[in-house]
Amino acid sequence: MEHEVREKVLRTAKEIFQQEGYKGTTINSIAKRAGISPSTIYLYFQGKKDLFQQLNISEDEALQDVYNANRASILQTALILFGEHGYDGVSMDMIARESGYSKASLYQYFKDKESLYSAVMQETPFHFNFLSIQPEMGDFDLEAAVKRIGLDYLSIFNTPERTAFTRAIIRDSNRHPEISNMYHKNGIGYVARCLETVLKQYADQTRLRDGLDLYLAAKTYVGSLFGFAIQYKIVVGIQPQYTDEQIVDTLTGIFLNGILK
């Protein structure tokens, strides 16, 4: 019986340490979830530090996967809430409640609402897709590389949560100009920088026009894609006339004709 109680305390403590971190975990919270009194825990362990050491885990290393999973879960909850209620309509209390974490735990991942909002804006499917495909770009020809970026960018708007979030950005930017700056940096601006990076990789292999501003050229391409995203994905009620592939193929042809000699 004593062994079972001790093991139950260890299992419960590990769950809470993984969710709340070392600072956010207390003997009382462990006891409450385990359904025992705090004094019972002290029969087996000297205190929180002793209990944590008995788990034989490293907060910085062994818990990293759990930390990343928890952070991703918070971001997904925030994405949905910001899309439904806008920037002003969401509080850290609301996000904590809906994600199942304490408000104190939330601040272990994000210092404030603005940093959380910025992370939701930045960490899109495109961000992670580009990180994964960038090393492969050397095996593509320039046209294929540009098309890959274009399709990945348009795919951001294929989920209802991300589409609703983009609508909220457009709506809230009038009241919060800082949101426009964040979107420029983490949205169109980021994708344009990625495309600029690719163009620079191909500069020695292709004949680019003299004096070309690569970032401006890249931003023109991404801005055109965003225009189609607004028409066919953000605005409700418009039936798409073209597929993503048709849009990207056409815009890529126009883009390359404009930057190549």
Side-chain angles (χ1 to χ4, degrees), residues 79 118 120-171 173-174 177 179-261:
L79 168 64
S118 180
V120 171
M121 192 180 291
Q122 177 181 6
E123 297 182 28
T124 66
F126 177 87
H127 175 80
F128 298 108
N129 286 348
F130 185 75
L131 291 179
S132 66
I133 67 175
Q134 188 177 13
E136 306 171 4
M137 286 295 186
D139 297 329
F140 298 173
D141 60 35
L142 179 58
E143 181 179 5
V146 173
K147 286 182 178 180
R148 180 70 179 270
I149 288 176
L151 287 172
D152 276 354
Y153 176 63
L154 285 182
S155 72
I156 293 174
F157 307 99
N158 287 344
T159 61
E161 298 87 355
R162 184 61 61 178
T163 300
F165 181 68
T166 304
R167 292 193 191 105
I169 291 172
I170 296 172
R171 182 181 66 243
S173 62
N174 186 48
I179 289 178
S180 298
N181 291 327
M182 280 192 286
Y183 188 72
H184 176 268
K185 177 182 178 181
N186 299 318
I188 292 176
Y190 173 76
V191 181
R193 289 294 182 196
C194 293
L195 179 53
E196 178 191 25
T197 299
V198 171
L199 293 176
K200 287 179 178 178
Q201 292 176 357
Y202 286 86
D204 294 334
Q205 307 171 25
T206 56
R207 295 172 56 83
L208 298 177
R209 290 184 181 275
D210 296 330
L212 187 66
D213 185 326
L214 294 181
Y215 178 63
L216 177 58
K219 201 169 181 182
T220 301
Y221 178 75
V222 178
S224 298
L225 290 172
F226 185 59
F228 278 100
I230 290 178
Q231 290 182 64
Y232 295 147
K233 299 173 185 283
I234 307 302
V235 175
V236 178
I238 298 179
Q239 184 66 30
Q241 293 178 275
Y242 307 101
T243 65
D244 286 359
E245 289 76 13
Q246 289 174 317
I247 293 169
V248 169
D249 283 351
T250 300
L251 283 179
T252 299
I254 295 171
F255 174 69
L256 292 178
N257 283 336
I259 67 171
L260 299 178
K261 290 181 180 180

From the list Ile238, Thr243, Leu154, side chain to side chain contact (heavy atoms under 4.5 Å, CB included) partner of Tyr232 resolves to Ile238

Parallel, tilted or perpendicular: which fits the ring planes of Phe157 and Tyr153, with parallel below 30° and perpendicular above 60°? perpendicular

Within this structure, what is the CD1-CG distance for the pair Ile149 and Leu195, rounded to the nearest 0.5 Å? 5.0 Å

Just jot down the salt bridge (Lys or Arg N to Asp or Glu O under 4.0 Å) partners of Glu161, sequence neighbours excluded, or say none. none

Salt bridge (Lys or Arg N to Asp or Glu O under 4.0 Å) pairs, two or more places apart, involving residues 228-244: Lys233-Asp244

Partners passing salt bridge (Lys or Arg N to Asp or Glu O under 4.0 Å) against Asp210 (at least two apart in sequence or in another chain): Lys261

Would you mind telling me which of Leu151, Ile188, Val191, Val248 makes a side chain to side chain contact (heavy atoms under 4.5 Å, CB included) with Leu225? Val248

Any side-chain heavy atom of Tyr221 sitting closer than 4.5 Å to one from Leu251? yes

Sequence neighbours excluded, which residues qualify as salt bridge (Lys or Arg N to Asp or Glu O under 4.0 Å) partners of Lys219? none

Does a sphere of radius 6.0 Å around CG in Asn174 hold more than 12 heavy atoms from other residues, nucleotides or ligands, not counting ones at 6.0 Å or beyond? no

Is the count of non-hydrogen atoms from other residues, nucleotides or ligands lying under 6.0 Å from Arg207 atom CZ greater than 12? no

Provide the closest heavy-atom pair for Ala192 versus Ala218 in the form atom of the first, atom of the second, distance. O-CB, 3.4 Å

Leu142 versus Gln201: any side-chain heavy-atom pair under 4.5 Å? no

When rounded to the nearest 0.5 angstrom, what distance separates CD in Glu245 from CD1 in Ile247? 9.0 Å

For the residue pair Thr163 and Ile234, what are the closest heavy atoms and their distance? CG2-CD1, 3.9 Å

Drop me the distance from Met121's CE to Thr166's OG1, to the nearest 0.5 angstrom. 8.5 Å

Start with the C-alpha distance between Met182 and Ile179, add both sets of side-chain angles, then the distance that settles side chain to side chain contact (heavy atoms under 4.5 Å, CB included), and finish with yes or no. CA-CA 5 Å; Met182 280 192 286; Ile179 289 178; 4.1 Å; yes

Which heavy atom of Glu123 sits nearest a heavy atom of Arg162, and at what distance? O-NH2, 3.8 Å

Of all residues at least two apart in sequence or in a different chain, which pass the salt bridge (Lys or Arg N to Asp or Glu O under 4.0 Å) check with Lys200? Glu196

All heavy atoms of Ile259 vs all of Ala217, minimum pair found to be CG2-CB, 4.0 Å

Does a side-chain heavy-atom distance below 4.5 Å link Asp249 with Gln246? no

Please identify which of these residues, Thr250, Leu260, Val146, meets the side chain to side chain contact (heavy atoms under 4.5 Å, CB included) condition with Phe255. Val146

Output all residues satisfying side-chain contact (heavy atoms from CB on, under 4.5 Å) with Glu143, sequence neighbours left out; order by chain, then residue number. Asp141, Lys147, Thr252, Leu256

Check Val198 against Ala145 and note the closest heavy-atom contact, atom names and distance. CG1-CB, 3.9 Å

